[in-house]
Amino acid sequence: MAEIRVEGMHCPMCVKRISEALENAGITAEVNLETKTVSVADADVNKAKEEIEDIGFEV
C-alpha cells in the first residue's frame, strides 16, 4: 500500500468527494481525514494522484 498526502482535505465532504472520484476510477482506497492521507495499492498510485488532482486537491 502507498500513502498519498492530500492538501486541502479538511471535512467529511472532502473525504466523500475523493472517495467517490477514486471509486468511479476503479481504485480501491482508504481515505483518512485525520491524517489527510489516501491509501491505495502501489499499482494505483499515479492514477489516484491524477484523479485527486482532477477534482481540485493538491497531492
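Residue numbers count from 1 along this sequence. Keep in mind that the numbers below use all heavy atoms, side chains included, and drop hydrogens, waters and symmetry copies.
Under the 4.5 Å side-chain criterion, counting only non-hydrogen atoms from C-beta, Val59 is in contact with Glu53. The shortest side-chain heavy-atom distance between Thr28 and Val40 does not fall under the 4.5 Å cut-off. Side-chain atoms of Cys14 and Leu33, non-hydrogen and from C-beta on, never get closer than 4.5 Å to each other. Counting heavy atoms from C-beta on, the side chains of Met9 and Val15 come closer than 4.5 Å.
The two residues Val38 and Ala29 come nearest to each other via the heavy atoms CG1-CB, 3.9 Å.
The side chain to side chain donor-acceptor pair (under 3.5 Å) analysis of residues 34-48, with sequence neighbours excluded, yields the pairs Asn32-Thr35, Thr35-Thr37. Note on residues 11-27: no pairs pass side chain to side chain donor-acceptor pair (under 3.5 Å), not counting sequence neighbours.
Applying the side chain to side chain contact (heavy atoms under 4.5 Å, CB included) rule to Glu50 yields no partners; only residues at least two apart in sequence or on another chain are considered.
In the displayed structure, Met13 atom CE is contacted under 6.0 Å by at most 12 heavy atoms of other residues, nucleotides or ligands.
Rounded to the nearest 0.5 angstrom, Leu22 CG and Glu30 CD are separated by 12.5 Å. Atom CG of Asp54 is separated from atom CD of Glu51 by 5.5 Å, given to the nearest 0.5 angstrom.
Under 4.0 Å is where a charged nitrogen must lie from a carboxylate oxygen, and between Glu7 and Arg5 at least one such pair does.
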